[in-house]
Amino acid sequence: MRFDRVWLNARLATLGGNDLGIIESGAVASKDGLIAFAGPMQDLPTGWDAAGRIDCEGRWITPGLIDCHTHLVYGGDRAHEFELRLKGASYEEIARAGGGILSTVKATRAASEDELVASALPRLDHLIAEGCTTVEIKSGYGLDLESETRSLRAARRLTDTRPISVTTTFLGAHALPPEANGDKDAFIDKVCDQMLPVLAREGLADAVDAFCEGIAFSPEQVARVFEAARTHRLKIKLHADQLSNLNGAKLAADYGALSADHLEYTDVDGAVAMAKAGTVAVLLPGAFYMLRETQLPPIAAFREAGTHMALATDCNPGTSPMTSLLLTMNMGATLFRLTVEECIAGVTREAARALGKLDEIGTLEPGKFCDLAIWEIERPAELVYRIGFNPLHARIWRGQ
Ligand SMILES: O=C(O)CC[C@@H]1NC(=O)NC1=O
Ligand SMILES: [Fe+3]
């Protein structure tokens, strides 16, 4: 058997099954960008050969990390609002005063596609430096067809100059733009009848998302977006129950969403509905931390119900200006009390599930893309335990 590359003398955290899937004296082999073998070195086929042999000298190999929820493409920044919040203004007060998302909308509408690409690249490079091999990027700061199109094109273009997989999500129902003059239903009509069909036809969106919240859109308005997504055969996700319980998790589950995200105010019924529907709970501790939220997501209910749980940075200029999946894991453990296994699975196997791509990425199993992160650590817990330290030794994307 001839492989392209073989990584030998490694300790594997395959994330296969429902745990870390640890293999102590392991090897991974690639062929044409895919994993051709992942298992005990002694099980490598007799007489195997390879163009490249890498001695990992006992280092750990995990699947490449996956950030399944980011708003990475946007103009400007919100540092000034950060100062306002330090002086006591709430996130909702700032939003209702026309700041928040809308100030980023103004900056994004004013930015060219090249400028959107250029400003996103440093954020993307930070994720890549920590072993990220797939990133989901939402629109949602354009809020009109031309700006949403420009944002999603910019997201797609990031793969032109970086070795990373990008999935895009149309988040037109993120906030009400100024020109809507307060008419949310008319804006939802535009999202569903004008923007979504064009973006679907042009293949610019892999999924559709919405913000179901008092300061954003109602469950009824979100349901209209979901119906339109279904018409155009696009998968759905939802920013749900972040600041209040509008039963967003249940709504997402009822529509068979890939994921419902945030979920601080989700109740047991929502957790059970998600488990039954296979809708992944994407937990976003960066926003919880930045907003100094005190309502914890119902982790015990998710565990009890069997709801899959993922973790992501929610990288965005307002509530989570964070580009570190390692710090995200530490927050998931420290703030949400997730276990080490849940954290590492949350940014690999479960993040892949949240993107509907578990058949392609997220575990070290033959037939999946050979996306690897090789770590200078003695035990997997170090990936979650440390704060502000990056133990990445090497990152492999599609076997390279
Ligand atoms: O503040 C921003 O720019 C986005 C905030 C982000 N979007 C959303 O729906 N919830 C969030 O935390
Ligand atoms: Fe978000």
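We count residues from 1, following the sequence as given. Both ligands and their constituent atoms are indexed starting at 1 by order of listing.
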Measure from NZ or CZ of R53 to the centre of the six-membered ring of F3 and say whether it is under 6.0 Å with the direction within 45° of the ring axis.
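Not flagged: R53 not positioned over aromatic ring of F3.
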Should one rank Q242, E81, R78, H71 by closest heavy-atom distance to atom 11 (C) of ligand 1, which comes out on top?
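Nearest option to atom 11 (C) of ligand 1, by heavy atoms: Q242.
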As a test of understanding, state which of D209, D314, D67 forms a salt bridge (Lys or Arg N to Asp or Glu O under 4.0 Å) with K138.
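Only match with K138 under salt bridge (Lys or Arg N to Asp or Glu O under 4.0 Å): D209.
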The Fe ion (ligand 2) - name of the N/O/S atom of H69 that sits closest to it:
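It is NE2, the N, O or S atom of H69 closest to the Fe ion (ligand 2).
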Output yes if H262 passes the N/O/S-under-2.8 Å test against the Fe ion (ligand 2); output no otherwise.
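H262 does not place any N, O or S atom closer than 2.8 Å to the Fe ion (ligand 2).
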Look at D209 and state whether any of its N, O or S atoms is less than 2.8 Å from the Fe ion (ligand 2).
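Here the distance criterion (N, O or S atom, under 2.8 Å) is not met by D209, so no.
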Matching residue for S259 among H69, K235, K237 - test: side chain to side chain donor-acceptor pair (under 3.5 Å):
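Per the side chain to side chain donor-acceptor pair (under 3.5 Å) rule, the option paired with S259 is K237, out of H69, K235, K237.
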Geometric class of the H239/H262 ring pair [parallel <30°, tilted 30-60°, perpendicular >60°]:
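Tilted: the ring planes of H262 and H239 meet at 30° to 60°.
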H262: numbered ligand 1 atoms lying under 4.0 Å from its heavy atoms:
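Near H262, meaning under 4.0 Å from one of its heavy atoms, ligand 1 has 10 (N), 11 (C), 12 (O).
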Show the atoms of ligand 1 that are less than 4.0 angstrom away from any heavy atom in D314.
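What qualifies from ligand 1 is 12 (O).
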Metal site angle (apex the Fe ion (ligand 2)), NE2 from H71 and OD1 from D314, 10 degrees
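Result: 90°, to 10°.
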Should P366 and F37 count as side-chain neighbours, where that means a heavy-atom distance under 4.5 Å?
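No; the side chains remain at least 4.5 Å from each other.
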May I ask you to identify, for H174, whether its side chain, its backbone, both or neither come under 4.0 Å of ligand 1 on a heavy-atom basis?
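The answer is the side chain.
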For ligand 1, which part of Y141 has a heavy atom less than 4.0 Å away: the side chain, the backbone, both, or neither?
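Side chain only; the backbone of Y141 stays clear of ligand 1.
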Is the OH atom of Y289 crowded by more than 12 outside heavy atoms at less than 6.0 Å?
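No, the 6.0 Å shell around OH holds no more than 12 heavy atoms from other groups.
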